[in-house]
Amino acid sequence: MSVKETNGKSLSFEEFCKKYGRGHGKAWIKEKIFYRYKPDFVSNIHPGKGRSFRISDGLAAEWFAKHEKEIDWDEPLERDK
């Protein structure tokens, strides 16, 4: 799916993990991508209890096209070190 086709669409956190997470779990995605890089595709990076992330699919596709190689996909979570 091209960036143009994803513009305007929102993803749930679960959908984001499946589409962009390369098999990593929610904790890894939050720690290694959201909190480290604070990408512009997440509009509420710390939503709090009972709320969810707001994720733009189009902006996520653009961001990953530019930054995907910067991510160490083999890095363990801090708690697993």
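Here the structure is a predicted model, which is why all the values come from computation and not from measurement.
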*Listed by chain and number, what are the side chain to side chain donor-acceptor pair (under 3.5 Å) partners of Glu31, not counting sequence neighbours?*
none

_Among residues at least two apart in sequence or on other chains, which ones pass side chain to side chain donor-acceptor pair (under 3.5 Å) with Lys18?_
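In terms of side chain to side chain donor-acceptor pair (under 3.5 Å), with neighbours along the sequence ignored, Lys18 is linked to no residue.
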
*Can you name the side chain to side chain contact (heavy atoms under 4.5 Å, CB included) partners of Asp72, sequence neighbours left out?*
Asp74, Glu75

*Pairing residues for Ser43 by the side chain to side chain contact (heavy atoms under 4.5 Å, CB included) criterion, not counting sequence neighbours*: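 Here the qualifying residues are Arg54.
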
Tell me, do [X] and [Y] make a side-chain contact under 4.5 Å, heavy atoms counted?
X: Val42; Y: Tyr37; result: no
X: Ile71; Y: Arg22; result: no
X: Glu70; Y: Arg36; result: no
X: Trp73; Y: Lys32; result: no
X: Ile45; Y: Pro39; result: yes

*Using ring pair (Phe, Tyr, Trp, His ring centres under 6.0 Å) as the criterion, point out the one residue from Phe16, Tyr20, Phe53 that pairs with Phe41.*
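For Phe41, the ring pair (Phe, Tyr, Trp, His ring centres under 6.0 Å) check succeeds only for Phe16.
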
_Distance (rounded to the nearest 0.5 Å) between Leu11 CG and Ser52 OG_ =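 Between atom CG of Leu11 and atom OG of Ser52 there are 11.5 Å.
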
*Can you tell me how far NZ of Lys30 sits from CG of Leu77, rounded to the nearest 0.5 angstrom?*
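Rounded to the nearest 0.5 Å, the CG-NZ separation comes to 11.0 Å.
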
*Sequence neighbours excluded, which residues qualify as salt bridge (charged side-chain N to carboxylate O under 4.0 Å, His left out) partners of Glu15?*
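Salt bridge (charged side-chain N to carboxylate O under 4.0 Å, His left out) list for Glu15, sorted by chain: empty.
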
*Atom NZ of Lys66: over 12 foreign heavy atoms under 6.0 Å*: no

*Which heavy-atom pair separates Ile55 from Phe13 by the least distance, and what is that distance?*
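Closest pair (atom of Ile55, atom of Phe13, distance): CD1-CA, 4.0 Å.
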
